Structure formats: C-alpha cells, structure tokens
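All remarks here apply to the structure that follows.
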Amino acid sequence: IKEVYDLLERSNLPKGNFIFQLQNLILLKQENSDYTAAGYNPKTNTITYEKEIDLIHELFHVASTENESKACGITQYDEGSNVKENYGLDEGITDMFADMANSNVPCGYPFERMCAEMLRNTFGLQIFNGYFENSFDKFLAGFPEEVQESIEDLISTLDEYQDLTKLIYAGESTFEDITSLEELSEYIMETLIIISETMGKEKSE
C-alpha cells in the first residue's frame, strides 16, 4: 500500500479513490490455490491473491476505481450491450504503474504495457489522471483533439489483441487467429507511431 501511495504522491497523480477504497478493502489470501495471478473485484472491493508481490498490480486497480463502480480505470461497459470495453490498455496502464512502483512485480501484459509507456513518453504522466479518476471520458479528453480518434482506435484494437492472446494461451486458437494477432500487432505499432509523429516526435524516438 505504501509503495502505491508513494508513487501517486511523488507523481502528483489523483489519490482520492485509493484513499477512499482502502477504508473497506478486503484482502483474501489463497494458500496453494489454482490461481495463476491475483484479481480485484471492484463491486465488492476485494483482492484475491496468493503471492504478496501481485498485490501491487491489484492495488493500482483499487486506486483507479470509484466507490461501487463495476469497472476499474478506463474500462467501461457499453450501455446498450453491456459488453466490456477498453480493458486491454487499462491492464497495460496498470502494469506500467506497478512496474514503476516496484520493478519486481511480474508483468502479465507486456505488449499492452509497452503501449501505455509509449503514451507516457509522448504525453507525460498526467495524461493518466482520467485512469485514476475511473473515467474513460476524462482520459480521452486529456489528449489533444488531433490524436483522440487515433487513441480510440488504439484502445479498441488492444481489446481485440487481448482477446486473441487469451485464445492462444488457452490453446483454443487457430492458425488464422495467430495471423490476425500478427496483423493487429503491426497495426497497433503503426498507430502508436502516427500518434507520436502527430505530436512532433521523430520516428527514431
């Protein structure tokens, strides 16, 4: 908790949700469980974990969740279909901050984290204020207008990327899925370059 709080404090990032959620946060330790990683349930404000190092990633989910919200950070549910959206980049942002707080935290989303780090390197840390305010709309509005469409494109494509990687890890993928993943990865990289070049970065950067 101190490592997460200290990073928020020294980076001048919003701490309100974190402080509020800590008041009734529930930690459930699983001994010798089948869990491969920890998990956070925002509706019950509960972290389930086996290894303490995994708490740091989950605590950033806590820090980016408003009271009684059903989704963390920039993740949201489509009002019409109730389909989960924006979760790929949300996990990447969470992994990025977990690594900044403690470099020993295992990285579960390396490609997604790289995307978050590229946004950080292009726009600065304050671009993630909307993440800690649990608002996708505030997050998107924080970017310059000329790149907002590309940011939305990046976010939706990262969701597709994550869905495909889950199929591959589960052993349920086809050859076409792997080809699609390669194409998605290339498209995401091109989108990141377009965003950075629009903001005046050289391709070599």
Side-chain angles (χ1 to χ4, degrees), residues 1-22 25 27 35-67 69-77 84-136 138-140 142-143 151 154-163 165-166 169 188 192:
I1 287 171
K2 186 177 187 306
E3 285 178 304
V4 173
Y5 181 87
D6 286 351
L7 177 62
L8 297 176
E9 177 70 21
R10 68 175 176 265
S11 304
N12 196 28
L13 291 163
K15 303 185 293 293
N17 283 328
F18 189 48
I19 293 168
F20 186 87
Q21 296 290 67
L22 285 177
L25 177 66
L27 302 179
Y35 281 82
T36 54
Y40 175 61
N41 184 333
K43 288 180 278 190
T44 60
N45 198 25
T46 302
I47 295 176
T48 306
Y49 72 104
E50 183 173 0
K51 297 176 182 176
E52 287 190 6
I53 191 68
D54 292 328
L55 282 172
I56 294 176
H57 176 100
E58 303 308 326
L59 283 167
F60 277 106
H61 282 313
V62 174
S64 62
T65 304
E66 278 192 325
N67 186 37
S69 174
K70 68 176 184 177
C72 309
I74 62 170
T75 302
Q76 60 184 13
Y77 288 86
K84 193 177 179 183
E85 300 174 328
N86 315 330
Y87 46 88
L89 183 59
D90 187 82
E91 290 292 359
I93 294 169
T94 306
D95 253 357
M96 178 189 74
F97 279 111
D99 179 69
M100 289 171 64
N102 185 322
S103 60
N104 294 317
V105 177
C107 178
Y109 306 91
F111 188 69
E112 294 91 331
R113 187 181 90 179
M114 179 276 298
C115 294
E117 288 171 343
M118 197 154 174
L119 294 178
R120 177 192 67 192
N121 296 343
T122 303
F123 298 97
L125 266 183
Q126 304 325 122
I127 203 69
F128 300 106
N129 282 353
Y131 164 85
F132 287 106
E133 293 168 349
N134 199 185
S135 172
F136 172 73
K138 287 182 181 178
F139 176 72
L140 184 62
F143 290 93
I151 295 293
L154 170 70
I155 290 169
S156 63
T157 312
L158 270 175
D159 284 352
E160 294 179 54
Y161 171 90
Q162 194 171 109
D163 290 343
T165 55
K166 284 178 181 175
Y169 287 137
I188 289 167
L192 287 168

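Positions are given from 1, in the same order as the sequence printed here. The structure displayed is predicted, hence computed values, not measured ones.
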inquiry  = In the structure I gave you, are the side-chain heavy atoms of Leu59 and Leu25 within less than 4.5 Å of one another anywhere?
reply    = yes

query = Between Tyr109 and His57, how do the two ring planes meet: parallel, tilted or perpendicular, split at 30° and 60°?
reply = parallel

request  = Drop me the distance from Gln76's CD to Lys70's NZ, to the nearest 0.5 angstrom.
outcome  = 10.5 Å

query = Which atom names give the shortest non-hydrogen contact between Ala98 and Val105, and what distance separates them?
reply = O-CG2, 3.8 Å

inquiry  = With rounding to the nearest 0.5 angstrom, report the NE2 to CG distance, His61 to Leu55.
reply    = 12.0 Å

request  = Would you sort out whether Thr65 and Asn17 count as a side-chain contact (heavy atoms from CB on, under 4.5 Å), showing the intermediate values?
outcome  = CA-CA 6 Å; Thr65 304; Asn17 283 328; 6.0 Å; no

query = For the rings on Phe97 and Phe132, is their centre-to-centre separation under 6.0 Å?
reply = yes

ask   = Minimum heavy-atom separation for Phe139 to Phe128, with atom names?
value = CE1-CD2, 3.8 Å

task = Keeping the roles fixed (side chain from Ser135, backbone from Glu133), state whether a donor-acceptor pair exists under 3.5 Å.
result = no

query = Rounded to the nearest 0.5 Å, how far apart are CG of Leu140 and CD1 of Ile151?
reply = 8.0 Å

key: Phe60 backbone acceptor or donor facing Ser64 side chain under 3.5 Å   = yes

query = For Leu89 and Glu112, which heavy atoms make the closest approach, and how far apart are they?
reply = CD1-O, 4.4 Å

request  = Please name the pair of heavy atoms, one in Ala63 and one in Leu8, separated by the smallest distance, quoted to 0.1 Å.
outcome  = CB-CD1, 4.2 Å

key: Atom pair CG (Leu125) and CG (Leu119), whose distance is rounded to the nearest 0.5 Å   = 11.5 Å

task = Just do the side-chain contact (heavy atoms from CB on, under 4.5 Å) check on Glu58 and Tyr49 with the steps written out, would you?
result = CA-CA 9 Å; Glu58 303 308 326; Tyr49 72 104; 5.9 Å; no

ask   = How many angstroms lie between atom CE of Met118 and atom CD1 of Ile188, to the nearest 0.5 angstrom?
value = 12.0 Å

query = Under 6.0 Å between the ring centres of Phe18 and Tyr5?
reply = no

key: All pairs passing salt bridge (charged side-chain N to carboxylate O under 4.0 Å, His left out) where residues 84-96 contributes a residue, at least two apart   = none

query = Among Asn45, Thr48, Thr46, Thr94, which residue meets the side chain to side chain donor-acceptor pair (under 3.5 Å) test with Tyr40?
reply = Asn45

message = Do Pro106 and Ile53 have side chains that approach each other closer than 4.5 Å (heavy atoms only, starting at C-beta)?
response = yes

query = Between atom OG1 of Thr122 and atom CD1 of Ile127, what is the distance when rounded to the nearest 0.5 Å?
reply = 10.0 Å

task = Identify the heavy atoms of Ile155 and Asn86 that sit nearest to each other, and give their distance.
result = CG2-OD1, 3.3 Å

inquiry  = If I compare all heavy atoms of Ala71 with all of Asn134, which pair ends up nearest, and what's the gap?
reply    = O-ND2, 3.1 Å

